[in-house]
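Counting starts at 1 for both ligands and their atoms, in listed order.
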Amino acid sequence: MQSPMPLVVILATGGTIAGTAASSTDTTGYRAGALGVETLIGAVPALSAHRLEAESVAAIDSKDMDIATWQRLAGRVAHHVARPEVAGVVITHGTDTLEETAFFLQRVLAPAKPVVLTAAMRPASALSPDGPANLLDAVNVAGMAEARGVSVVFAGAAWGALGLRKIHTLQTSAFGGSDCGPIARLEGGAMRQFRAWPEGEALGLPRIAAAADAWPRVDIVLNHAGADGGLVDAAVASGARGIVVAGTGHGSTSIRLDAALARARDAGVRVTRASRCAFGPVLPRDSADAEAAGELSAVQARVELQLALLLGDDQ
Ligand code: SIN
């Protein structure tokens with residue numbers, strides 16, 4: 001007897017993958033998150049052979065992603081992953097903050113089953129949308145017994161969240177930046193795997209339950225020619241408890257920005273050093289340096305610092 005297809009739950013949050021424009025040739029002037037999840041599934045005939053459940057968690061442009069939506073999403077993912085009959089979960093999302101959501105979910109849930117985020121660069125109404133193939137690949141990965149942890153399946157590759165970056169504003173191959181490369185390539189439903197699936201220790205839902213307005217404020221400041229540190233002082237004055245500085249090159253900062261960061265530290269503000277470069281880590285200067293972002297992009301370093309402050313590991 002043939003074993004049944006694995007059950008995959010699709011959670012929709014919006015994004016370009018669910019976007020529509022007035023014309024099929026318009027790939028920039030569209031409304032993200034306009035289509036329901038059943039419509040996305042219906043656009044992929046090959047998905048009719050799969051066992052799927054679908055649920056809408058949000059219908060937003062991911063530029064508007066926020067803590068409350070993250071909490072709701074993490075709760076729904078945890079619920080479905082805990083169901084014995086569910087093999088894995090797919091999340092449809094916008095590309096703009098995908099790397100932050102993927103990183104957040106891996107830190108909070110570190111699921112033993114596959115949780116696969118996917119997205120699209122072209123709206124569903126485009127002449128040749130990229131969403132349907134990405135969704136099919138994501139469902140295939142979520143149903144694989146060997147897959148685990150939070151991954152991003154996009155343009156024929158599966159990536160771990162750590163260090164992943166959106167690296168292009170328009171092209172359909174929009175993700176990269178992790179020095180290790182993708183976990184796997186997906187070719188016609190088959191997978192060629194190069195690296196291990198993400199693992200880690202879950203922080204757990206109870207530790208992120210505080211209301212969004214009680215979460216510590218963490219801002220990002222950039223180093224650039226002429227940077228004078230004024231934005232660091234403004235962030236501290238606005239109540240920031242953490243600052244991520246996206247420095248030049250290997251996380252360097254101008255003399256005046258450095259001075260402002262020193263004032264912030266003196267005021268009890270935690271600082272993380274990341275880079276404004278598209279690729280590469282910021283490594284610790286010595287064994288006592290706890291401020292280097294490592295592989296994390298500046299936006300992921302912001303999430304990490306916010307979680308650390310929320311959990312009170314700075315005391
Ligand atoms: C969004 O992030 O929701 C809009 C852009 C996209 O999905 O590519």
Side-chain angles (χ1 to χ4, degrees), residues 10-41 43-44 54-74 76-77 89-106 115-139 141-142 150-159 161 163-178 182 186 212 220 278 297-300 302-303:
I10 302 181
L11 301 178
T13 69
T16 296
I17 192 167
T20 52
S23 143
S24 66
T25 53
D26 190 349
T27 54
T28 53
Y30 55 86
R31 188 160 72 84
L35 298 177
V37 60
E38 301 294 350
T39 308
L40 301 191
I41 295 169
V44 189
E55 183 180 317
S56 174
V57 175
I60 59 170
D61 187 315
S62 81
K63 69 180 172 53
D64 298 315
M65 185 52 72
D66 57 17
I67 290 166
T69 310
W70 272 350
Q71 288 172 318
R72 206 162 61 246
L73 179 61
R76 295 314 293 156
V77 172
V89 171
V90 168
I91 300 168
T92 57
H93 197 287
T95 58
D96 285 344
T97 56
L98 189 71
E99 72 220 55
E100 285 161 81
T101 299
F103 178 73
F104 173 80
L105 291 174
Q106 176 63 27
V115 173
V116 184
L117 288 97
T118 195
M121 288 298 283
R122 295 180 185 151
S125 54
L127 209 50
S128 107
D130 52 329
N134 288 344
L135 183 58
L136 181 60
D137 279 344
V139 168
V141 171
V150 178
S151 61
V152 171
V153 165
F154 202 86
W159 299 85
L164 188 68
R165 290 151 163 95
K166 181 172 176 180
I167 55 170
H168 206 280
T169 54
L170 290 172
Q171 287 176 3
T172 51
S173 198
F175 285 88
S178 162
L186 304 153
I220 300 179
S297 66
V299 292
Q300 291 180 337
R302 201 204 66 78
V303 176

Residues in salt bridge (charged side-chain N to carboxylate O under 4.0 Å, His left out) contact with Arg76, at least two apart in sequence or another chain: Glu55
Which class fits the ring pair Phe104 and Trp70: parallel under 30°, tilted 30 to 60°, perpendicular over 60°? parallel
Protein residues near ligand 1, heavy-atom distance below 4.0 Å? Gly15, Thr16, Tyr30, Asp61, Ser62, Gly94, Thr95, Asp96, Ala120
Glu100 side-chain N/O to Val299 backbone N/O, donor-acceptor pair under 3.5 Å: no
Would you confirm whether Glu99, through its side chain, and Phe175, through its main-chain N or O, come within 3.5 Å as a donor-acceptor pair? no
By ring pair (Phe, Tyr, Trp, His ring centres under 6.0 Å) - contacts of Phe103 (at least two apart): none
Please list all pairs meeting side chain to side chain donor-acceptor pair (under 3.5 Å) that have one or both residues in residues 118-128, counting only residues at least two apart or in different chains. Arg122-Ser128
